[in-house]
Amino acid sequence: MSIFVLSEKNTQQAKKYAQALFGHTRRNKEGFYEGVWAGNSMVIGYLGGHLYEQYSPADYTDRWNAREAKPRQLIEMQPLVPEKWKIKEKKGKVGKQSIHDLLQKIKRAGDNVTEIYLATDPDREGTLLGREVLIELGLMDKVTSRVYAHDTAESQIRKAFSQAKPIATDELLYVAGLERQRVDWLGGIASFALMKSENALKGHLGKGTGSIGRVKSGVAIFIEQVNQKNDNWDEEAPENNKYGIKMTTSDGLVLKSARQAPLEAQIIGWIKRHSTITTVDIKAEDKKRSVNAPMLLQLSSIMTWAKKNKIKKEIMPFLNNLALKGYITYPRTEINVISKSFRDENLAPRAEEVKNLLEVKLPLPNRLIFDKPWINNKKVDNAGHMANTYGDNVPSKTELESLEKEEQQLYRIIGLRSLAPMMPKGIDSVRQYSSQVDDMPFAASSSSILIKGWRELPELYSNKNQSKKSDEETTFVDGGLKNVNFEVERIKRHPPVRITPANIIELMGKYGLGTSGTRENIIKEMTSFGQIKNNGKYYEVTEVGKALVYNQPLYTFESTKELGKLLLDIQGLGDSETPIPAGTAINKLARDISTWRDAILPKINDTFTYFDPNIEKYKAVERMEVKTKSGKTLKFKKEFFGHTFSEEECEALSQGKEITFKGNNGKPVTGMLKHQTFSGNKFIGFMPNWDSEKYKKAKSVR
DNA sequence: GCAAGGTC
């Protein structure tokens with residue numbers, strides 16, 4: 001039997017599969033991994049994420065071409081639900097090879113074998129992007145098996161392949177993936193067109209809305225909500241306060257009541273009723289408390305760490321680079337645990353080497369025995385990802401020092417956090433005080449460090465990072481009968497914490513907005529579109545961004561949550577007993593878009609425009625007037641891409657000839673005069689040959 | 001070109 005395995009990524013997946021199954025990573029002439037597994041000849045190929053993208057509206061039909069449609073038509077045609085959804089090859093590259101070439105290699109490899117295994121990431125998107133390719137290349141008939149490789153430890157990769165499941169087992173995941181993709185496309189395109197119109201109606205002509213969709217709208221909404229809550233916070237409001245009893249002993253111990261009351265009067269009443277009590281018996285009990293090292297790193301915690309440590313640049317590129325070299329594991333994961341196998345096969349054997357490289361003086365006695373909370377096989381299985389740790393390739397000191405400063409910092413913290421559970425645990429001495437006064441229990445505690453353990457490393461533990469609650473270094477007092485005094489303690493509720501560059505990534509995760517690898521870029525885009533801005537202290541939603549909050553009915557917190565539920569229902573993992581049919585979320589969204597469209601349409605007439613004549617860049621531009629060979633008079637814009645056409649160039653253009661000049665970016669631009677349409681208006685103007693199909697299709701002048 | 005998802 002001969003098998004072709006389709007994986008999702010090269011270095012972080014195909015290569016690891018090859019090492020685990022073949023014991024080597026030799027490549028064939030196509031660059032795919034080739035070897036023998038269980039008596040079968042096997043080729044392991046890879047993708048590079050999604051290699052296909054949605055058709056654009058104009059790809060479906062000319063009618064949907066927003067450049068040709070008038071604004072009113074553009075609104076009328078929403079939602080753009082295709083009769084048959086289609087995808088096309090993306091342009092671009094995976095590493096050094098073009099996507100087209102890579103797909104051709106996959107096609108050839110698939111044609112050459114008797115069976116195909118799908119072994120992309122075991123999640124929704126992995127299933128979608130893998131099946132997309134197999135279907136588009138006509139290889140689906142040969143696909144027999146689905147490999148769910150949740151775990152990158154070699155023993156677990158081998159297990160996943162030997163226990164491969166029938167391909168039909170991921171059918172529902174694929175359907176849910178399609179639904180997610182289509183809902184985002186349909187909503188994104190509709191909301192952009194409709195919001196632009198809403199803005200124009202409000203007089204924001206020519207003002208960029210920026211792109212808008214499920215995630216960006218969600219981000220704008222939660223920033224606005226948090227700011228509104230803070231700006232209108234009433235710290236005196238009853239719901240923002242509660243009251244407890246503070247019992248202070250003559251030797252300075254402070255015990256607090258186990259219960260609180262909503263009204264200050266209730267506590268004052270309690271204290272009055274107990275005013276005769278002046279001595280209380282206080283029990284003291286001594287305990288030892290072990291203090292765990294921090295959890296292993298997940299992507300959002302690395303990002304938070306980076307911001308706190310003043311790394312201003314985007315960190316994804318640094319992490320990608322470290323992962324490609326094998327210095328760290330695959331970085332795009334929100335999981336903070338690893339599997340037992342990964343501990344034994346990947347972390348433990350390299351621990352001493354990493355420890356020496358990072359010049360850590362502590363021993364690693366727990367190297368082979370650290371368990372919960374860092375080990376959770378089930379969580380790893382469900383997520384299909386593991387925490388970020390140091391990788392199988394430990395750099396030499398010279399190699400580490402040749403990396404960029406930020407990469408060195410990131411490697412160090414990821415390395416230390418991977419080693420932390422192997423270090424001695426911290427032990428604290430704790431004294432717990434308790435007493436009962438009538439109906440009310442009181443408690444307090446003191447503690448001090450007995451064994452520092454992993455806390456000897458300042459990068460893992462510093463007093464500065466501890467909250468005020470920390471009772472470290474508190475004084476110990478004996479129990480017994482003590483004189484006491486009761487007081488009211490007002491406990492204030494605080495408004496939600498403001499959103500800052502340091503916490504936004506983690507908060508997006510909490511709100512289910514975007515996925516780990518995409519969040520940093522979403523914030524960057526929203527900032528550059530001017531939808532949100534950092535006012536120096538926290539993020540604010542700008543006037544443009546407020547449209548996303550107040551001016552679109554499509555994306556709300558509820559609808560985002562609802563979509564998540566629907567996708568699970570389609571997968572058969574939701575509340576409903578049987579999976580709900582594909583298309584449920586799309587149809588619901590399409591109805592919401594129609595409602596929004598119908599609300600806008602009455603306000604839009606045929607001459608409605610996004611064009612603002614008062615904005616400088618839209619003012620009438622100087623036009624060139626030339627005569628063609630046939631004696632017709634032509635008018636066209638004198639400029640293109642920062643270049644003003646010379647007389648000779650105008651002459652050549654008027655005769656329908658192609659010219660070449662230097663554009664804004666210093667690169668040569670070639671093109672000629674063509675008949676074009678923009679926003680429903682026909683005109684003659686210079687067209688570059690950047691899009692060869694469009695260029696060939698457009699009529700030239702003669 | 002507009003989404004959001006993946007990865008190089």
Side-chain angles (χ1 to χ4, degrees), chain A residues 7-15 31 46-60 64-69 74 77-80 87 90 92-99 102 120-121 123-133 176-197 208-219 299 316-317 319-325 330-333 384-385 508 512-519 521-522 525-526 529 548 552 554-555 560 563-564 567 586 589 593 610 678-679 691 694:
Chain A
S7 73
E8 181 158 337
K9 43 206 170 229
N10 182 356
T11 35
Q12 297 298 324
Q13 203 168 59
K15 197 176 175 185
Y46 52 83
L47 306 168
H50 282 279
L51 302 191
Y52 287 84
E53 63 188 346
Q54 294 289 321
Y55 257 40
S56 77
D59 291 333
Y60 281 109
W64 284 358
N65 190 337
R67 290 189 181 279
E68 309 219 352
L74 194 64
M77 64 176 74
Q78 303 300 331
L80 306 182
I87 54 176
K90 282 171 71 170
K93 290 181 168 184
V94 175
K96 284 173 191 154
Q97 58 195 325
S98 77
I99 286 177
L102 177 57
T120 48
D121 283 4
D123 54 18
R124 188 182 64 206
E125 292 300 325
T127 304
L128 173 64
L129 65 88
R131 282 204 179 208
E132 264 173 9
V133 169
L178 283 178
E179 191 87 355
R180 196 284 304 153
Q181 194 179 53
R182 291 169 181 176
V183 162
D184 282 337
W185 184 89
L186 191 68
I189 282 164
S191 54
F192 184 74
L194 295 177
M195 268 259 302
K196 209 161 114 187
S197 310
T209 306
S211 68
I212 157 190
R214 170 172 55 85
V215 177
K216 290 191 179 93
S217 300
V219 170
L299 180 60
M316 274 326 292
L319 293 177
N320 278 332
N321 191 35
L322 289 169
L324 279 173
K325 290 188 157 84
Y330 183 66
R332 295 173 178 229
T333 170
H385 290 282
M508 284 173 74
L513 297 166
T515 55
S516 44
T518 61
R519 290 185 189 127
N521 200 38
I522 283 165
E525 282 184 1
M526 292 187 73
F529 290 145
L548 274 61
Q552 58 83 19
L554 236 44
Y555 301 114
T560 302
L563 174 65
L567 293 178
I586 296 170
L589 183 73
I593 293 169
Y610 303 120
F678 186 76
S679 214
D691 182 337
K694 185 174 144 193

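Letters A, B, ... mirror the listed sequences (proteins, then strands); counts begin at 1.
What separates CH2 of W185(A) from C1' of dC2(B) is a distance of 10 Å, to the nearest Å. One atom, CE of M195(A), and another, C1' of dG1(B), lie 15 Å apart when rounded to the nearest Å. Straight-line distance from the CG atom of L51(A) to the P atom of dG6(B): 14 Å, rounded to whole Å. dC2(B) atom C1' lies 10 Å from atom CD of Q78(A), rounded to whole Å. Atom NE2 of H50(A) is separated from atom P of dA4(B) by 13 Å (rounded to the nearest Å). The interatomic distance linking M526(A) (CE) with dC2(B) (P) rounds to 15 Å, in whole Å. Atom CG in L567(A) sits about 13 Å away from atom C1' in dG5(B), given to the nearest Å. What separates CG of D184(A) from C1' of dC2(B) is a distance of 13 Å, to the nearest Å.
Residue-level contact check: G49(A) touches the bases, meaning some heavy atom is under 4.0 Å from a base atom. Contact annotation for K93(A): base contact, defined as any heavy-atom pair under 4.0 Å involving a base atom. Within 4.0 Å (heavy atoms only), G514(A) reaches sugar-phosphate atoms of the nucleic acid but no base atom. Note on E53(A): nothing from the nucleic acid sits closer than 4.0 angstrom, heavy atoms only. Here G48(A) lies in heavy-atom contact (under 4.0 Å) with a base. Contacts of Y330(A) with the nucleic acid, taken as non-hydrogen atoms under 4.0 Å apart, involve only primed sugar atoms and P, OP1 or OP2. Within 4.0 Å (heavy atoms only), R124(A) reaches no atom of the nucleic acid at all. Nucleic acid contact class of L324(A) (heavy atoms, under 4.0 Å, all strands): sugar-phosphate only. Within the 4.0 angstrom heavy-atom criterion, only backbone atoms of the sugar-phosphate kind lie near I212(A); the bases stay farther away.
Judged as a salt bridge (charged side-chain N to carboxylate O under 4.0 Å, His left out), and not counting sequence neighbours, D123(A) has no contacts. Taking the salt bridge (charged side-chain N to carboxylate O under 4.0 Å, His left out) definition, one finds that E132(A) meets it with nothing, sequence neighbours left out.
Closest to the A58(A) side chain, of the nucleotides dC2(B), dG1(B), dG6(B), is dG1(B). The A66(A) side chain lies nearest to dG1(B) when the options are dG6(B), dC2(B), dG1(B). Listed nucleotides: dC2(B), dG6(B), dG5(B). Nearest to the side chain of V215(A): dG5(B). Among the nucleotides dG1(B), dG5(B), dC8(B), the one closest to the side chain of R67(A) is dG1(B). With dC8(B), dG6(B), dC2(B) as the choices, the nucleotide that has an atom nearest any side-chain atom of V94(A) turns out to be dC8(B).
Taking the six-membered ring where the residue is Trp, W185(A) and Y60(A) present perpendicular rings, their angle passing 60° and hence far from 30°.
Side-chain atoms of S56(A) and D59(A) include a donor-acceptor pair closer than 3.5 Å.
Taking 4.0 angstrom as the limit, K96(A) places none of its side-chain polar atoms (N or O) nearer than this to OP1 or OP2 of dC8(B). Between T515(A) and dG6(B) there is a side-chain N or O to OP1 or OP2 distance below 4.0 Å. Proximity of S56(A) to the phosphate of dG1(B): no side-chain N or O atom is located under 4.0 Å from OP1 or OP2.
Both R214(A) and H385(A) sit near DNA chain B, but only R214(A) has its closest nucleotide nearer the 5' end. The residue among S191(A) and N320(A) whose nearest nucleotide of DNA chain B lies closer to the 5′ end is S191(A).
Contact of the T11(A) side chain with the K325(A) side chain is not registered, since no non-hydrogen atoms from C-beta on lie closer than 4.5 Å.
The backbone N or O of D184(A) sits nowhere less than 3.5 Å from a side-chain atom of R214(A) that would complete a donor-acceptor pair.
No cation-pi contact links K216(A) to F529(A), judged by a cut-off of 6.0 Å to the six-membered ring centre and 45° from its axis.
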